[in-house]
Amino acid sequence: MEAMAKWISTVLLVYTAVTVEKTSAELEYCTGRAESEACSAFRVGTDLSSTVRLNDGVLMPLYGLGLWQAEAGQVAEDTVVFALKNGYRLLDTAQIYGNEADVGSGVIKSGIERDKIFIVSKVYTTNHGYWQTISSVNASLERLQTNYVDLFLIHSPYGGQNVDTYQALLDLKAKGVIRSVGVSNFEIQHLEGLRQAGLPTPSVNQIELHPFQRRTDLVKYCLEHDIAVMGYSPLARAFRLDDPLLVELSEKYHRTAAQVMLRWSVQKGYITIPKSTNPGRILENSNIFDFSLAAEDMDLLDNIPQLTYGWDTSEYVWDG
């Protein structure tokens, strides 16, 4: 009976969250699928332990810590330890961030079992190409002090040789040193390039996502092809926290503007990775699962002017 009650409670929580999002094109697509299987790339998280099943069967946390600009050394290591000890289980780093070693040290220092933590890293553009990718991933494993990475992404289509790079990641996955393979900053033409090359669909596409950069067409494409959407810079790099609408909603819900933006991302079903090295902000950013934005407020956020703060690869012509 206890298990049944827990299941019913979970269903009601998810249903409530999904109802809030009823007007979005992405969710309409997902809820329009056969009743036996909702869009597997779409889930609304209910706490830090919530996961989504990727298209290759791997379970991935829906909420985590971004480590871009986390200063290499003690700062990054202490940040990882603090986040893990306070419930975070998803850590997003990259070769170019320069803090993979500190992420690895933080994981070990936290005392939490490695298989309870989901580590994401990315192949940088200067490491594209089959053998360069193999070499760079092996170097990442050494820095991270682990024998596998849960999700490895191509950081950007820039650098070319994306087919060879992707194939290298797939081969490393077959050997067990990578659990899942995805991409980052890929536009529709780049995702189509992989598909037309006959390669397996990426499990994840990590892109800039926040109310000021909604990427509706790209998100819809990803969901249609069962690619989980992962949003970086969910706070728009803190450039718009004083936006009048955010201020108004902040007062309405008695939350910070940052929490309103993060709640928007969660209700969209995006894998969300706010970055911070400030312990108070890390806790604040995770305190967003006990309220929901009303449908009319989601609609307001879905209609504010769009801006780009991140990496724009829309002009990059696919060349394989």
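- Checked by atom type and distance alone, the side chain of D78 never pairs as donor or acceptor with a backbone atom of V81 at under 3.5 Å.
- Taken to the nearest 0.5 Å, the CG atom of L48 stands 10.0 Å off from the CG atom of L90.
- Relative ring orientation between Y316 and Y158 is described as perpendicular, the plane-to-plane angle rising above 60° on a 0-90° scale split at 30° and 60°.
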Would C222 and L191 count as a side-chain contact (heavy atoms from CB on, under 4.5 Å) here? Give the steps. CA-CA 9 Å; C222 287; L191 295 169; 4.0 Å; yes
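- Here the side chain of D102 pairs no donor or acceptor atom with the backbone of A76 at under 3.5 angstrom.
- Closest heavy-atom contact between N285 and P274: ND2-CB, 3.8 Å.
- Using a 4.0 Å cut-off between a side-chain N of Lys or Arg and a carboxylate O of Asp or Glu, D290 and R255 qualify as a salt bridge.
- Nearest heavy atoms, A72 versus N99: CA-CB, 4.3 Å.
- Smallest separation of non-hydrogen atoms from P61 and I271: O-CG2, 3.7 Å.
- For N185 (side chain) and H155 (main-chain N/O), a donor-acceptor pair under 3.5 Å exists by modelled atom type.
- A donor-acceptor pair shorter than 3.5 Å cannot be found between the side chains of D164 and T133.
- Residues I134 and N138 are in side-chain contact: their nearest non-hydrogen atoms beyond the backbone lie under 4.5 Å apart.
- Counting only heavy atoms from C-beta outward, the side chains of Y97 and D92 approach each other to under 4.5 Å.
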Pair L151-V58, side-chain contact (heavy atoms from CB on, under 4.5 Å): steps then yes or no: CA-CA 9 Å; L151 173 64; V58 172; over 6 Å; no
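- Taking NZ from K173 and OH from Y166, the interatomic distance works out to 8.0 Å, rounded to the nearest 0.5 Å.
- Here the shortest heavy-atom pairing between P211 and M261 reads CD-CE, 3.7 Å.
- Atom CD of E142 has 12 or fewer neighbouring heavy atoms from other residues, nucleotides or ligands inside a 6.0 Å radius.
- With no hydrogens or angles considered, a side-chain donor-acceptor pair links S180 and S203 at under 3.5 Å.
- Between the side chain of S184 and the backbone N or O of Q206, at least one donor-acceptor pair lies under 3.5 Å.
- Side-chain atoms of Q189 come within 3.5 Å of backbone atoms of S314 as a donor-acceptor pair (strictly under, hydrogens ignored).
- Taking 4.5 Å as the limit, every side-chain heavy atom of F118 sits out of range of all side-chain heavy atoms of L59.
- Taking NE2 of H210 as the start and CD of E208 as the end, the distance is 3.5 Å to the nearest 0.5 Å.
- In this structure, Y63 and T272 have side chains that are in contact, with non-hydrogen atoms separated by less than 4.5 Å.
- Of the possible donor and acceptor atoms, none in the side chain of R143 sits under 3.5 Å from a partner among the backbone N and O of V103.
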Could you go through the side-chain hydrogen bond (donor to acceptor under 3.5 Å, both in side chains) check for D302 and W264 one step at a time? CA-CA 9 Å; D302 281 341; W264 175 89; 3.0 Å; yes
From CA spacing to verdict: side-chain contact (heavy atoms from CB on, under 4.5 Å), T146, V107: CA-CA 10 Å; T146 183; V107 167; over 6 Å; no
Set out, in order, the CA-CA distance, both residues' side-chain angles and the distance that settles side-chain contact (heavy atoms from CB on, under 4.5 Å) for R240 and I304, then state yes or no. CA-CA 12 Å; R240 298 304 299 270; I304 54 181; over 6 Å; no
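- At a threshold of 4.5 Å between non-hydrogen side-chain atoms, the residues F152 and V137 count as touching.
- The backbone N or O of S136 lies less than 3.5 Å from no partner atom in the side chain of N127, so there is not a single donor-acceptor pair.
- Side-chain N/O atoms of Y221 and N205 include no donor and acceptor closer than 3.5 Å.
- For the atom pair OG of S156 and CD1 of I207, the computed distance is 13.0 Å after rounding to the nearest 0.5 Å.
- Across every non-hydrogen atom of G182 and P202, the tightest pair is CA-CB, 4.0 Å.
- Judged purely by distance below 3.5 Å, without hydrogens or angles, the side chains of Q259 and R263 never pair a donor atom with an acceptor atom.
- Side-chain contact check for N278 and S276: no donor-acceptor pair (N or O, by modelled atom type) lies under 3.5 Å.
- Within the 3.5 Å criterion, the main-chain N or O of W68 finds no donor-acceptor partner in the side chain of Y232.
- Under a 4.0 Å N-O distance rule, the pair D150/R114 qualifies as a salt bridge.
- A salt bridge is defined here as a Lys NZ or Arg NE, NH1 or NH2 lying under 4.0 Å from an Asp or Glu carboxylate O, and D56 with R179 fails to meet this definition.
- Tracing side-chain contacts under 4.5 Å through hydrophobic residues (I, L, V, M, F, W, Y), one never reaches V204 starting from Y148; they form parts of separate clusters.
- Here the shortest heavy-atom pairing between L141 and N147 reads CD2-C, 4.0 Å.
- The aromatic rings of Y253 and F291 sit tilted relative to each other, their planes meeting at an angle between 30° and 60°.
- The distance from the OG1 atom of T201 to the CG atom of N55 is 6.0 Å, given to the nearest 0.5 Å.
- Taking a 6.0 Å sphere around NZ of K252, one finds it holds more than 12 heavy atoms contributed by other residues, nucleotides or ligands.
- Two rings, from F239 and F212, have their centers 6.0 Å or more apart.
- The closest side-chain heavy-atom distance from R214 to V219 is not below 4.5 Å.
- Under a 3.5 Å cut-off, the side chain of E100 and the backbone N or O of S121 do not form any donor-acceptor pair.
- Counting heavy atoms of neighbouring residues, nucleotides and ligands inside a 6.0 Å radius, atom CD of E71 does not exceed 12 of them.
- A donor-acceptor pair shorter than 3.5 Å can be found between the side chains of Y130 and D171.
- The main-chain N or O of L65 is never found under 3.5 Å from a side-chain atom of K275 such that the two would form a donor-acceptor pair.
- Inspection of the T256 and E284 side chains reveals an N or O donor paired with an N or O acceptor under 3.5 Å.
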Applying side-chain hydrogen bond (donor to acceptor under 3.5 Å, both in side chains) to S140 and Q95, what does each step give before you reach the verdict? CA-CA 7 Å; S140 288; Q95 293 171 349; 3.2 Å; yes
